[in-house]
2 protein chains.
Amino acid sequence: MAVEYSGTGDPARSMALLWRAADREGRTGLSVDRIVAAAIELADGDGIAALSMRKVADKLGVGAMSLYTYVPGKGELVDLMVDQVLGEPERPELPASWRARLEHVARSNLALYRAHPWLLQVGTARPPMGPNLLAKYDYELGALEGTGLSDVDLDTTLTSVLAYVNGAASAAVESAQAPDRSGMSDEAWWEVQAPLLEKVFDPQRFPLAARVGAAAGEAYGLIDPDHAFEFGLQRLLDGIEAFIARN
Amino acid sequence: MAVEYSGTGDPARSMALLWRAADREGRTGLSVDRIVAAAIELADGDGIAALSMRKVADKLGVGAMSLYTYVPGKGELVDLMVDQVLGEPERPELPASWRARLEHVARSNLALYRAHPWLLQVGTARPPMGPNLLAKYDYELGALEGTGLSDVDLDTTLTSVLAYVNGAASAAVESAQAPDRSGMSDEAWWEVQAPLLEKVFDPQRFPLAARVGAAAGEAYGLIDPDHAFEFGLQRLLDGIEAFIARN
DNA sequence: GGGACGTTCCGTACGGCGTACGGTACACCG
DNA sequence: CGGTGTACCGTACGCCGTACGGAACGTCCC
């Protein structure tokens, strides 16, 4: 397994692609849009590890090298995929309370990660400055409008919430994928693991881990990653509420 | 870039490796420990994308296939790397206040991610149940001891903090790596990006993004990812404090 | 000392990857 | 109909993880 980073090619070319300047269509009907769509479909289904230029090309009934007429390389293709899916979530009028708005933003991001788990693997520093990223940023900032926070605090607060969502969504999404990926339910996994662990783990040495681990295992279903997501989100929003109140 | 998942081989073999049961040393001095150490060094330096069995073997002056005498495959090797680095942080006696303790836990995890950025890319569902993971869990639960929370809430609260740290550390670490990886400072990157963006971005359409983005850019240095990390952490802890108080 | 055996080490090979390079075949313009 | 630009893509290179089978070695028994 490795990690996908952004394209490092000509920034002007990348920007033109993101904003679909000079969008052509070849004689076989190939286009940037179709390539990006096929790539997203592949990554959604089999994970980003299974995304290859050859497979994208196969899916489109085209030779692998034909893709390079439209896209400079795989890095740039991933950038395009990212901006593309960032445009998917509907962005309805937001409710009146900032807290309900921010909750909506958080859950909508979770849903996006759920739909496209590979988003969690692509770097977010130096993001692809596409139209959908910008629209998303604008929309999400709107959640905090009217709270009286300074512009800088607005950005920082949103960043913190998105950081939390990223981390909690990682746990939730991975946990949801694990059974499929491994062909083993959580229960089955534990049934294999528990007796092995028992042989090497000394509860005397780590009493807290033993006690709390057992309690957490017992309560599984009540405290799965989805509930952990909501719990942490509410705590974070409580803290933000206090911050807003005292500002 | 792809993503590294855990080994999917024989769980008993994996467990034996993690706990170093039956640790041998070959005639060339090869051993699981030396392989894991070499792999960590490679991943720390060049990222997990640059970690390959052949490079690990080269580093040890050994043929690639020799590694497979000690380690079933790359997935298991990554598991071993993870448990190994989880054992690195010192775990001193914790301060008296739960809040100071939890802050310590959060910052210590950030430091770990900084030291081993590739940790952010490996899946955490179905974690490798090694000695150091368990020790870490036990130690970190200790931060919340004495707060009066139930065992289940203990686990959930810790999970939430770690989720936040994971997300915020992703941003901080990637942002710190970006200049090296791209050979371009943040300023240089913006100098290239800004004029391109100006051509396609309409501030009228996204007034909030334009205003706040400008303010955030202006304040950069004051609100870099490190400060965002601390800001969000304090908000989250504030929320947890309220939760503890009302429990 | 000699032989047998188990383990360690690894050369080779297979199927996959991203993509550089250069050629072919088509659409369009004159 | 001929010329030109571009879309398409076959081939090849250097990587990857690892299956397979053989070679080299340490150890033990006779």
Side-chain angles (χ1 to χ4, degrees), chain A residues 1-10 13-14 17 22-35 38-39 42-43 46-81 118 121-122, chain B residues 1-10 13 16-17 22-35 38-39 42-43 46-81 118 121-122:
Chain A
M1 333 155 222
V3 188
E4 305 284 337
Y5 295 105
S6 282
T8 52
D10 175 14
R13 172 93 195 268
S14 287
L17 280 165
D23 210 1
R24 306 147 289 167
E25 182 164 327
R27 47 184 195 262
T28 60
L30 214 51
S31 70
V32 173
D33 278 339
R34 294 227 305 138
I35 291 171
L42 273 173
D46 302 333
I48 201 149
L51 179 70
S52 79
M53 300 299 272
R54 282 179 240 251
K55 286 202 197 116
V56 173
D58 275 4
K59 203 178 172 69
L60 294 168
V62 118
M65 293 313 292
S66 301
L67 303 181
Y68 289 84
T69 304
Y70 297 84
V71 160
K74 196 187 180 187
E76 287 83 355
L77 174 54
V78 172
D79 281 354
L80 291 170
M81 292 165 63
W118 48 269
Q121 325 288 163
V122 316
Chain B
M1 328 162 229
V3 189
E4 306 282 337
Y5 293 107
S6 284
T8 52
D10 175 14
R13 172 91 196 270
L17 279 166
D23 209 2
R24 306 148 289 168
E25 181 163 327
R27 49 183 194 261
T28 60
L30 216 53
S31 70
V32 174
D33 277 338
R34 295 226 305 138
I35 292 171
L42 273 172
D46 302 333
I48 202 148
L51 180 70
S52 80
M53 299 301 271
R54 281 179 241 252
K55 284 198 199 123
V56 173
D58 276 4
K59 203 178 172 68
L60 294 168
V62 119
M65 292 314 291
S66 301
L67 303 180
Y68 288 84
T69 303
Y70 297 86
V71 160
K74 196 187 181 186
E76 287 83 355
L77 175 54
V78 172
D79 281 354
L80 292 169
M81 292 165 63
W118 49 268
Q121 324 289 163
V122 316

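Because the structure is predicted, anything quoted here is derived from the model rather than measured. Lettering of chains follows the sequences in order, A, B, ..., and the numbering in each one begins at 1.
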Measure the distance from [atom1] on [X] to [atom2] on [N] and round it to the nearest whole Å.
X: B:L30; N: C:dC10; atom1: CG; atom2: C1'; answer: 12 Å
X: A:Y70; N: C:dG18; atom1: OH; atom2: C1'; answer: 20 Å
X: A:M53; N: D:dC13; atom1: CE; atom2: C1'; answer: 17 Å
X: A:L42; N: C:dC17; atom1: CG; atom2: P; answer: 11 Å
X: B:L60; N: C:dT8; atom1: CG; atom2: P; answer: 16 Å
X: B:I35; N: D:dT18; atom1: CD1; atom2: P; answer: 13 Å
X: B:I48; N: D:dG17; atom1: CD1; atom2: P; answer: 11 Å
X: A:L67; N: C:dT19; atom1: CG; atom2: P; answer: 11 Å

Tell me which nucleotide among D:dT18, D:dC8, C:dC17 gets nearest to the side chain of B:K74.
D:dT18
Give, for atom CG of B:L42 and atom NZ of B:K59, the distance between the pair rounded to the nearest 0.5 Å.
5.0 Å
Rounding to 0.5 Å, atoms CG (A:D46) and NZ (A:K55) come to a distance of 7.0 Å
Looking at [X] and [Y], what are the two nearest heavy atoms and their distance?
X: B:R34; Y: B:G29; value: NE-O, 3.2 Å
X: A:V32; Y: A:Y70; value: CG2-O, 3.8 Å
X: A:L67; Y: A:L60; value: CD2-CD1, 4.3 Å
X: B:K74; Y: B:L51; value: NZ-O, 3.0 Å

Using modelled atom types and a 3.5 Å cut-off, is there a donor and acceptor pairing between side-chain atoms of B:Q121 and backbone atoms of B:I48?
no
Phosphate OP1/OP2 of C:dC17: any A:K55 side-chain N/O under 4.0 Å
yes
If the cut-off is 4.0 Å, is B:R24 near the phosphate of C:dT8, judged by side-chain N/O to OP1 or OP2?
yes
Protein proximity profile, nucleotides 20-30 of chain C - base contact B, sugar-phosphate-only contact S, no contact -, cut-off 4.0 Å on heavy atoms
BB----SS---
Give one of base, sugar-phosphate or nothing for A:S66, where a contact means two heavy atoms less than 4.0 Å apart.
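It contacts base atoms.
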Using only modelled atom types and a 3.5 angstrom limit, is any donor from either the side chain of A:R54 or the base of C:dG18 paired with an acceptor on the other?
yes
